[in-house]
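For reference, the structure is listed below as structure tokens.
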Amino acid sequence: MKVNFPDKLRFLFTDSRYKVIVGGRGKGASWGIARALLLLAGNRCLRVLCTREVQKSIKESVHQLLSEQIELMDMHDVYEVLDNEIRNTQTGSTFIFAGLLGHTVSSLKSYESIDICHVAEAQAVKKKSWDVLIPTIRKPGSEIWIDMNPELDTDDSYVRFVEHAPPDSQVVDMTYLDNPWFPAELEMERAYCEKMYPDDYENIWLGKPRTTVPGAIFSREVLAMIKDNRYTFAPYDPRLKVHTFWDMGWNDACAVILVQQQYKEARIIQYYEDSFLRTDEWATKLNDLKLNWGWDYLPPDAFSKERKTGSSDAEILTAMNRRVKPKHLSFSESDPEFAIRATRNLFPKLILNKGGEGVARLWEVMKHYRRNIPKSTNEPATPVHDEYSHGAAALKGLALMVDKLSNDDLPPVPKGRGFVPRDRAMGTL
């Protein structure tokens, strides 16, 4: 059988654990991968898992793409296309489809016998998903095929498989220039993008990763930090007080920034973000660090009594021997745009401790925190409320209070009796 195939994708027919294709739009990788999988599954019995981070229905998978390639390669007589599966009636090969988001090691056990796992749109796959998927694809000789159009240079998929490719990997860069069948319609779109949106062109069409996401609120500030080498080694200094800035959360994440002040610099030495931790558990976690503690700066909602506990977060922290700034001296809710402007003014004073616990996550928050951009107007609107909002809220708190930070002697640590919640399950049972 003679099949049209891009030269750069011929490596898919050689053996290796990881086969990585990275590049921009129009490179022809999607249909090339589909053809390679169908040809291989036509020669021997294979179990192929086609996956991506989010797949709410079969329509979001590569099922349709594989079906189209079966027709184009005139292979419909050997392939049976079912609603949720594709089978080769001669070799017994099967193609199955699933999303990764929400899976655990236990729920993925049925995929241990997979021969080839194809991960589409791999730039969107989170670290947690990779940590579950990779050990699951464990059959001797099994392979993981990765197709990505990079988004950020710090995204886990890009760092994991391109910047620091694991052993037994083949990594191939592709662009539209490597696609002999690049259509005229896409060429028109490419030329228009190059002319009208030069800042986006290299990412969209050449596959070069961005530093920040489109619409990122602190894009210029992040670039300036990189240029000025302010995301660097700046470890804890025991001579300086460690102040904390909080965004409270339970179902949503709680975020805590640990910062030290010296001269006019605000040095973020550590960052924590987690869900379903009680406030007393947060206090224990911080107290166990044995740092030279300053003040805890809390948002206004932390001073309201909670029904299940009968206490406020501020009271709980105080009972756990934390120094909590009084409400009228802590940061208060303000106009969101005012807080964003204050945070922009904070950036020239910031030093991020590269390598400090959790700081890489805060660096991601700074790169991802963005505005809604409605398609109807294409104009930036209010900030998006997502997983990056909580760290951004804590950062805004630091921006509003940074000029109040001090290393002066503080009052003694309160001698609380500890905190025992009235409802230890916090209403979850």
Do [X] side-chain atoms and [Y] backbone N/O form a donor-acceptor pair below 3.5 Å?
X	Y	answer
Thr51	Ala98	yes
Thr136	Tyr111	no
Asn292	Pro238	yes
Gln261	Tyr263	yes
Ser129	Glu53	no
His243	Ser406	yes
Ser169	Val171	no
Ser312	Glu315	yes

What pairs of residues pass the salt bridge (Lys or Arg N to Asp or Glu O under 4.0 Å) test when at least one of them lies in residues 239-261, not counting sequence neighbours?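 Residue pairs passing salt bridge (Lys or Arg N to Asp or Glu O under 4.0 Å), neighbours aside: Asp237-Arg239.
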Under the side-chain contact (heavy atoms from CB on, under 4.5 Å) test, which residues partner Asp173, sequence neighbours left out?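 Here the qualifying residues are Val22.
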Out of curiosity, [X] [atom1] to [Y] [atom2], how far, rounded to the nearest 0.5 Å?
X	Y	atom1	atom2	answer
Thr382	Glu337	OG1	CD	8.5 Å
Asn353	Arg267	CG	CZ	9.5 Å
Asp200	Trp205	CG	CH2	12.5 Å
Leu352	Ile269	CG	CD1	11.5 Å
Leu405	Lys264	CG	NZ	15.0 Å
Met248	Ser304	CE	OG	11.0 Å

Side-chain H-bond candidate by donor/acceptor type, Arg17 with Ser142, under 3.5 Å: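 Side-chain D/A pair, Arg17 to Ser142: present.
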Is there a side-chain contact between [X] and [Y] (heavy atoms, below 4.5 Å)?
X	Y	result
Glu187	Phe182	yes
Val242	Leu289	no
Ile268	Leu395	yes
Lys126	Leu101	no
Glu387	Val365	no
Asn251	Phe276	yes
Gln270	Leu286	no

Among all residues two or more places apart in sequence or in another chain, which pass the side chain to side chain donor-acceptor pair (under 3.5 Å) test with [X]?
X	result
Lys354	none
Lys396	Tyr369
Lys139	Asp115
Arg370	none

Could you check Arg210 against Ile204 for side-chain contact (heavy atoms from CB on, under 4.5 Å), going step by step and ending with a plain yes or no? CA-CA 10 Å; Arg210 304 177 191 266; Ile204 295 173; 4.1 Å; yes
Evaluate whether atom CG of Asp83 has more than 12 neighbouring non-hydrogen atoms of other residues, nucleotides or ligands under 6.0 angstrom away.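 Result for CG/Asp83: open.
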Does Lys208 have more than 12 heavy atoms from other residues, nucleotides or ligands lying within 6.0 Å of its NZ?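 Counting neighbours around NZ of Lys208, 12 or fewer heavy atoms of other residues, nucleotides or ligands fall under 6.0 Å, so no.
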Closest heavy-atom pair and its distance - [X], [Y]:
X	Y	result
Gly32	Leu9	CA-CD1, 3.7 Å
Thr14	Lys19	O-NZ, 2.5 Å
Arg138	Pro135	NE-O, 3.1 Å
Met320	Ala283	CB-CB, 3.5 Å
Gly26	Leu186	CA-CD1, 4.0 Å
Pro6	Trp181	N-CZ3, 3.7 Å

Among residues at least two apart in sequence or on other chains, which ones pass ring-ring contact (aromatic ring centres under 6.0 Å, His included) with [X]?
X	value
His368	Tyr388
Phe303	none
Tyr271	none
Trp363	Tyr231

For the residue pair Tyr297 and Trp246, is the inter-centroid distance of their aromatic rings smaller than 6.0 Å?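 No, they do not, as the ring centres are separated by 6.0 Å or more.
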Kindly indicate, with the supporting measurements, whether the criterion side-chain contact (heavy atoms from CB on, under 4.5 Å) is fulfilled by Leu400 and Phe338. CA-CA 9 Å; Leu400 294 170; Phe338 176 82; 3.6 Å; yes
Please evaluate residues Met174 and Asn179 with respect to the criterion side-chain contact (heavy atoms from CB on, under 4.5 Å), reporting the C-alpha separation (whole Å), side-chain torsions for both, the decisive distance (0.1 Å), and the verdict. CA-CA 8 Å; Met174 286 187 71; Asn179 182 2; 5.8 Å; no
Let me have the donor-acceptor pairs involving side chains of residues 211-225, under 3.5 Å, with sequence neighbours excluded, atom names and distances please.
| unit_1 | atom_1 | unit_2 | atom_2 | d |
| --- | --- | --- | --- | --- |
| Thr212 | OG1 | Ser219 | OG | 2.9 |
| Glu221 | OE2 | Arg344 | NE | 3.4 |

Under the side chain to side chain donor-acceptor pair (under 3.5 Å) rule, what pairs show up with a residue in residues 30-39, not counting sequence neighbours?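 Sorted result for residues 30-39: Arg35-Gln69.
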side-chain contact (heavy atoms from CB on, under 4.5 Å) between Asn84 and Phe97, intermediate numbers included: CA-CA 7 Å; Asn84 296 301; Phe97 307 87; 5.9 Å; no
Looking at Trp293, is Arg323 sitting on its ring face, NZ or CZ under 6.0 Å from the six-membered ring centre and within 45 degrees of the normal?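 No, a cation-pi geometry is absent between Arg323 and Trp293.
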Do you know which of Arg361, Lys285, Glu357 makes side chain to side chain donor-acceptor pair (under 3.5 Å) with Tyr272?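 The residue from Arg361, Lys285, Glu357 that satisfies side chain to side chain donor-acceptor pair (under 3.5 Å) with Tyr272 turns out to be Glu357.
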Evaluate side chain to side chain donor-acceptor pair (under 3.5 Å) for Glu85 paired with Thr94, printing each intermediate quantity in order. CA-CA 7 Å; Glu85 190 174 287; Thr94 57; 5.5 Å; no
Thinking salt bridges, do Arg190 and Glu194 make one under a 4.0 Å N-O criterion?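 So Arg190 pairs with Glu194 through a salt bridge.
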